[in-house]
Structures are given as C-alpha cells and as structure tokens.
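Reading through the structure tokens given below for one structure.
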Number of protein chains: 2
Amino acid sequence: MRIGRLAERTGVSRRLLRYYEEQGLITSSRALNGYREYKESHVDVVLQIKGLLDAGLPTRIIQQLLPCLDKPQTIYVPNVTPEMIVTLQHEQARLSERIESLTRNRDAIADYLDTVLSVKSANTERRATS
Amino acid sequence: MRIGRLAERTGVSRRLLRYYEEQGLITSSRALNGYREYKESHVDVVLQIKGLLDAGLPTRIIQQLLPCLDKPQTIYVPNVTPEMIVTLQHEQARLSERIESLTRNRDAIADYLDTVLSVKSANTERRATS
DNA sequence: CTTGACCTTCACATCAATGTGAGTGTTTAA
DNA sequence: TTAAACACTCACATTGATGTGAAGGTCAAG
C-alpha cells in the first residue's frame, strides 16, 4: 500500500504520515522507485496514533507508548528499563487525570443540555396548549 | 488578589493568565495603578480552564463552554441559540470519543505494566529461591 | 531614597501539529 | 506518447499554547 491509500484509509493526510515517520512513530519500507510501502497493519497503527494525538498526547510520548500497546503483545518482555516503567506509570496517571477531567466536563455539558432542552420543550408544550 | 497570587494558587503562569484574558476566557478588574484584580472565584475558573486545556480543548471552544459550566447554574436560561446547542452536542460527542480513546489506551498501558511487573516479580522470586 | 518584588505592555522565540507549494520523478491509462 | 495522478524532498507558513526578556511603573521595607 502506498501513502495515498494509507491516507485515504486512515483519514490522515500524506503530509502527516510523513511527519509521523519523521517523528519515529511509524516506519515504512521503500519500493525501488523510492515510494513508501505500507502493510495492512499500518492502518491500525496510524489510527491508534491519531487517537492518541487527538487525546492530547505529544509525539515523543506516543513514541514511547507504541511498542507497549502493540498487539499481539509479546509475553516475553526483553528490553524494558526501570525508567520506562516509571514513565509509563506516570503517563498512566496523567491519562487518568485527563479522563477524569474530561468526564467531569462532559457530564457538566450533559446537565446543561438537559436543563436547556427540558426548558425548551416545556415552552413548546405551553405554547401548544395555550 | 493580584496576578502573582492567582498564578501561585492555580499553578498557571502569569503569562498564561494574561493570555487567557486576551482569549476572553477570564476577565479582571483593574486597580487604580493598572494592576489586574481577581476575586476568589477566579481560582476555580482558572483551574477549570487548565483542566479543559490539558484535556486538549482549544481556547475558542472553552470560551463557549465556560458560561454553561458556570455554577450556580441559572435555571432561567436566556440567550441560548440553537447553534450553541448544536455546538455543545457536538463537543459532548467529541469529549466522549476522547474519553473512550484515552480509556482504551490507559487500560492497554495498565495491562502492559501488569505483565511486565509480574514477570519481574517472578524473576525476583526465582532469584531469591535459587 | 534606594532596593527588591511586584505589576504593566510589547515583542520576539519555541514547539508541536499541520497546511501548502515548488520542483522533480514515476506510474497509469487514454 | 502524452496527460493525469501520484510519489518524492525541501522549505516556508501558520496556529495554539507557552516561555522569556526588555523597558518601564508602583509600592513596601530598610
């Protein structure tokens, strides 16, 4: 698969795919003519990257994360440094905080919408029965 | 309260507080000498802004959100346009997506850490009993 | 009255994530 | 065989969230 197709299937621009590669998030093999060649599995990886970026993680963290999130997970974990574990634990905590904050705010919006919409429908009913 | 104190109490730099004001996220009154003056309630607002920004929302969305998230909520909702409602519903959906993505990834990290740590402890035990 | 700790504005710097376009080569299909 | 569509690299532009520093005003304490 070439870059255009991958872009099409992931909704990530060619430019960004090259950027991700530059940032070490994905790799590609090259055809004889120099064109990037991707495998089917790249689709999922790119979607995952997209999700993480969209969730607000910077590329340098994603870069550390990716090898760990890769399924199928090798049970035999070779080169995991203690610093890496600390980093992951730290990032896990940050994710939890983020999730909490987002959830709080989403719920607040939900409450607000509930209120607004119920008032609106009450008005509609009042108009209908007047 | 002046800007330095607010910065200190929220963990948000003076520079950013001014930036938030410039972006219309907060307001301040001015003392005779031109210094910004904040009320106690600004602490919570700033923390909320910080949370939303940290969650990846851009200031222009936060600006729309803030009046709605404001507690105590006026039950009497005056100037809420249909577009506003649509924006909020849209943003609510985006928040949910984000939350989902973050949760998925956090759990993946958790799984990974579990695996790694259990292998590590198994090794430790093995060493201890050999 | 001076020094230090505040505050002001203004402006330039940076970093990450993107867009855009130029200049050039390659593949595909009419 | 030529045009359209795609690829390549390189490079400059932009936007958003920040940092940093300059040049200057205010104020409290020694």
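Computation of the quantities below employed the complete heavy-atom set of this structure, encompassing side-chain atoms and omitting hydrogens, waters and symmetry-equivalent molecules. Quick note on labels: first sequence line is chain A, next is B, and so on, each numbered from 1.
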**Prompt:** Do the side chain of B:Arg15 and the base of D:dT20 come within less than 3.5 angstrom through a donor-acceptor pair of N or O atoms?
**Reply:** yes
**Item:** Whole-Å distance separating the CG atom of B:Leu17 from the C1' atom of D:dA17
**Value:** 13 Å
**Request:** Any chance you could measure A:Gln64, atom CD, to A:Thr59, atom OG1, to the nearest 0.5 Å?
**Result:** 11.0 Å
**Side-chain donor or acceptor of B:Asp54 paired with backbone N/O of B:Lys50 under 3.5 Å** = no
**Complete:** Residue pair B:Gln23/A:Ile3 against DNA chain D: nearer the 5' end by closest nucleotide is A:Ile3
**Message:** Just to verify, what does A:Arg60 make a side-chain contact (heavy atoms from CB on, under 4.5 Å) with, not counting sequence neighbours?
**Reply:** A:Pro58
**Request:** Would you please confirm or rule out a distance under 4.0 Å between OP1 or OP2 of D:dA17 and any side-chain N or O of B:Tyr19?
**Result:** yes
**Message:** What is the distance, to the nearest angstrom, from the CG atom on B:Leu16 to the P atom on D:dG16?
**Reply:** 15 Å
**Request:** Could you pull out all residues at least two apart from B:Asp114 that satisfy side-chain contact (heavy atoms from CB on, under 4.5 Å)?
**Result:** none
**Nearest-neighbour nucleotide for the B:Leu53 side chain, C:dC7, C:dA17, D:dT18 considered** = D:dT18
**Prompt:** Near DNA chain C, which residues from residues 29-43 of chain A have a heavy atom under 4.0 Å away?
**Reply:** A:Asn33, A:Tyr35
**Item:** Residue closer to the 5' end of DNA chain C, A:Ile62 versus A:Arg2 (nearest nucleotide)
**Value:** A:Ile62
**Prompt:** Which of residues 91-99 of chain B sit near DNA chain C, with a heavy atom under 4.0 Å from it?
**Reply:** none
**Prompt:** Rounding to a whole Å, what distance do you find between A:Arg18:CZ and D:dC10:C1'?
**Reply:** 11 Å
**Message:** Check the phosphate of C:dG19 against A:Ser13, side-chain N and O only, distance under 4.0 Å to OP1 or OP2. Yes or no?
**Reply:** yes
**Item:** For atom NZ of B:Lys50 and atom P of D:dA17, their distance in whole Å
**Value:** 16 Å
**Request:** Answer yes or no: is there an ion pair linking A:Glu97 with A:Arg94, defined by an N-O contact shorter than 4.0 Å?
**Result:** no
**Interatomic distance where CG belongs to B:Leu52 and C1' belongs to D:dG16 [whole Å]** = 16 Å
**Prompt:** Can you check the A:Arg60 CZ to C:dA17 C1' distance for me, whole Å?
**Reply:** 14 Å
**Request:** Please check the phosphate of C:dA17 (OP1 and OP2 only) for any side-chain N or O of A:Tyr20 closer than 4.0 Å.
**Result:** no
Using distance only, find each side-chain donor-acceptor pair of residues 9-16 of chain B under 3.5 Å and give its atom names and separation, not counting sequence neighbours.
residue	atom	partner	partner atom	Å
B:Arg9	NH1	B:Glu40	OE1	3.3
B:Arg9	NH1	B:Glu40	OE2	3.1
B:Arg9	NH2	B:Glu40	OE2	2.7
B:Thr10	OG1	B:Leu6	O	2.7
B:Thr10	OG1	B:Val12	N	3.3
B:Ser13	OG	B:Leu16	N	3.2

**Message:** For B:Ser101 versus A:Gly51, what's the shortest heavy-atom pair and its separation?
**Reply:** OG-O, 3.4 Å
**Item:** Whole-Å distance separating the CD atom of A:Glu22 from the P atom of C:dT18
**Value:** 13 Å
**Request:** Report the distance from atom CZ of B:Arg5 to atom P of C:dC6, rounded to the nearest whole Å.
**Result:** 12 Å
**Asked** Are A:Ile62 and B:Leu113 in one and the same hydrophobic cluster, where Ile, Leu, Val, Met, Phe, Trp and Tyr link if side-chain heavy atoms are under 4.5 Å apart?
**Response** yes
**Request:** Examine distances only and state if a side-chain atom of B:Arg98 and a backbone atom of A:Leu102 form a donor-acceptor pair shorter than 3.5 Å.
**Result:** no
Run the side-chain donor-acceptor check on residues 21-29 of chain B: report pairs under 3.5 Å with partners two or more places apart or on a different chain.
residue	atom	partner	partner atom	Å
B:Glu21	OE1	B:Ser28	OG	3.0
B:Glu21	OE1	B:Arg36	NE	2.9
B:Glu21	OE2	B:Ser28	OG	3.3
B:Ser29	OG	B:Glu37	O	3.4

